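Have a look at the structure below before the remarks.
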Amino acid sequence: MKKQFIRLTVNGDTREIAVAPNQALVEVIRDQFGLTGTKRGCTSGSCGVCTVNGAPGEAVLSCLELAIEWDGRSLTTIESVEQNGQLSPLQQAFWELGAVQCGFCTPGLIMSAKALLDANPAADAEAINEALAGAICRCTGHIKVKEAVARAVEVMAAANAVKEGSDGAQG
Amino acid sequence: MQLPPFEYIRPTSLGHALELLAAPGGRAAALAGGTDLVIAMRQRLSTPAVVVGIGALPELKSFEVAEDGGLRIGAGCTLTFLAEHPVVRERHPSLAAAIRSVGSRHVRNTATLGGNLNLPTRCWYTNQSEDWRRARPPCFKTNGDICYVIRSAKECFALNSADSATALLTLGARLTIASASGSRELPLAEFYRNDGLAPTTLGPGELVTAVHVPAHRDRTAFIKIAPRTGLDYGLATIAAAVTGSNRKVTSVRLVVGSIVSWPAPLPGPARIIEEGGLTGEAIEAAAEAARGDLGEVTNLYSSSGYKRRLVRALVRRALEDIRRQKLPAREAA
């Protein structure tokens with residue numbers, strides 16, 4: 001089993017790394033990039049804790065991807081969501097509404113919800129349900145998680161309205 | 001579970017991929033979205049020597065809409081792409097619904113239509129980790145000589161849960177199947193067999209490359225019953241298509257999934273509606289008649305009695321749903 005070199009970009013950090021064909025993407029993210037926010041859970045696509053975003057708006061299960069297929073591609077992980085020490089609206093909403101318990105599933109839930117909001121910033125309850133159906137919390141429940149995503153939708157819409165208002169005033 | 005060792009090759013073209021898949025002994029496997037194959041490899045249900053990564057081949061990603069609304073779908077189109085495509089949603093709503101019912105959003109983002117049509121049949125005793133399976137002698141599906149679902153059986157009863165297949169069958173879809181020695185077309189209805197061990201007629205080295213969905217003006221329905229709305233395989237699914245008005249029905253197709261080893265057509269109930277029209281009485285009779293077309297229903301995943309009742313309910317619901325739908329508007333002549 002020959003290792004091959006791939007060029008992979010994670011959160012803007014591009015590296016040339018040697019990977020074996022049977023290495024899953026989640027292993028490369030955790031072991032070679034050292035980004036352990038992405039969790040290794042069921043490794044069978046059922047729990048969603050390994051979720052990363054491929055293209056913006058695209059939730060990808062990194063346990064079911066062969067790293068070798070990601071040559072020349074880029075992805076983002078939970079570590080990219082906080083910017084300059086500031087939680088994103090989604091993270092802030094999870095924090096404020098207590099949509100966490102042990103926290104193991106939280107990166108996967110955030111990256112699943114982030115994919116949704118990147119593609120559909122006005123997501124309704126049905127869209128939120130659909131986006132989160134593949135990401136599972138075993139501690140508590142999904143009510144607060146869904147409330148947190150809905151709160152993030154509101155907060156982001158309000159922020160955009162303020163921004164557009166002030167842009168208008170300046171223009 | 002760690003993946004077993006294998007060589008990985010990314011083919012440069014479809015022709016190159018087909019050459020690689022023609023390797024003797026069937027030791028090469030095509031990997032598209034990988035949402036099923038990677039799990040099967042982790043569980044050592046599939047241990048190919050060579051994995052051929054066909055996911056990025058442009059030949060398999062094409063999507064063409066004919067003027068009349070018919071589709072030619074490259075087998076490598078992802079399920080998310082298809083479920084969200086406006087033409088699929090508007091012209092082929094039962095297909096959009098069936099595709100949207102597969103797995104989760106995460107899975108559909110990478111899973112492909114070709115992959116879903118080729119979903120291996122599943123069984124409680126087989127689709128487990130290798131350690132779990134090793135705890136008892138192998139069954140027919142794992143090269144043994146026993147069936148744990150029906151002890152006296154001489155065959156395998158693993159279930160076919162390819163959700164997209166049920167809808168495509170009611171729409172009269174056809175496949176393009178290619179191999180290193182050429183390509184052929186096949187009605188999807190001739191693709192499946194009610195055989196848990198050999199659920200499709202796909203030959204060694206062959207690959208489904210495209211799915212053709214003819215234009216239609218049918219009223220259609222798709223319903224899936226599963227423990228959860230997301231992620232679970234169906235306990236029972238149904239796809240239905242009706243040509244004609246409620247009074248004058250010219251053709252009915254009914255196909256149920258996740259019940260037996262193939263997406264099972266229900267010609268008996270269909271004939272009752274074709275003869276009696278879409279009336280409450282005929283729908284009731286069709287629902288009662290459904291069990292006659294199912295063949296052997298096992299206790300796999302839920303009891304056989306429950307599954308027969310689910311099918312009866314699904315036939316009734318799908319036909320009642322279609323009965324309430326408006327006839328599609330006639331195109332301007």
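Here is the naming used below: chain letters follow the sequence lines, and residue numbers restart at 1 for every chain. Note that the structure is predicted; figures quoted are calculated from it, not measured.
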Q: For the pair A/Gln23 and B/Gln2, evaluate side chain to side chain contact (heavy atoms under 4.5 Å, CB included) and give the outcome as yes or no after the intermediate values.
A: CA-CA 8 Å; A/Gln23 257 179 292; B/Gln2 194 65 37; 5.5 Å; no
Q) Run the side chain to side chain contact (heavy atoms under 4.5 Å, CB included) check on B/Thr80 and A/Glu58 step by step: do they pass? A) CA-CA 10 Å; B/Thr80 291; A/Glu58 185 197 25; over 6 Å; no
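To the nearest 0.5 Å, the span separating CG on B/Asp36 from OG on A/Ser44 amounts to 11.0 Å. With rounding to the nearest 0.5 Å, the separation of CG in B/Leu3 from SG in A/Cys63 is 9.5 Å.
Dense packing is recorded around CZ of B/Arg136, with more than 12 heavy atoms of other residues, nucleotides or ligands lying under 6.0 Å away. Heavy atoms of other residues, nucleotides or ligands lying less than 6.0 angstrom from CH2 of B/Trp132 number more than 12. Remark: B/Lys61 NZ is packed, more than 12 non-hydrogen atoms of other residues, nucleotides or ligands lying under 6.0 Å away. In the displayed structure, A/Arg7 atom CZ is contacted under 6.0 Å by at most 12 heavy atoms of other residues, nucleotides or ligands. Enclosure of atom CD in A/Glu16 by more than 12 non-hydrogen atoms of other residues, nucleotides or ligands within 6.0 angstrom is indicated. Few gaps surround CZ on B/Arg133; more than 12 heavy atoms of other groups in view lie less than 6.0 Å from it.
Between B/His106 and A/Ser112 the shortest side-chain heavy-atom distance falls below 4.5 Å. Proximity of A/Asn22 to B/Met41: side-chain heavy atoms (C-beta onward) are nowhere separated by under 4.5 Å.
The only member of B/Val107, B/Val38, B/Thr35 that meets side-chain contact (heavy atoms from CB on, under 4.5 Å) when paired with A/Leu61 is B/Val107.
Listed in order of number, the residues of residues 223-232 of chain B that approach chain A to under 4.5 Å between heavy atoms are B/Arg228, B/Gly230, B/Leu231.
The two residues B/Tyr8 and A/Gln4 have their closest heavy-atom pair at O-NE2, 3.5 Å. Minimum heavy-atom separation, A/Gly134 to B/Ser104: CA-CB, 3.5 Å. Nearest heavy atoms, A/Ile68 versus B/Arg10: O-NH2, 4.0 Å.
Neither the backbone nor the side chain of A/Leu116 comes within contact range of chain B; no heavy atom of the residue lies under 4.5 Å from a heavy atom of that chain. If you measure heavy-atom distances from B/Thr110 to chain A, the contacts under 4.5 Å come from the side chain alone. Both the backbone and the side chain of A/Asp71 have a heavy atom closer than 4.5 Å to some heavy atom of chain B.
Contacts of B/Glu84 classified as salt bridge (Lys or Arg N to Asp or Glu O under 4.0 Å), with partners at least two apart in sequence or in another chain: B/Arg105.
Salt bridge annotation for B/Glu7-A/Lys3: absent, with no cationic side-chain nitrogen under 4.0 angstrom from a carboxylate oxygen.
Here A/Leu66 is the residue among A/Asn129, A/Ile136, A/Val60, A/Leu66 with the most heavy-atom pairs under 4.5 Å with chain B.
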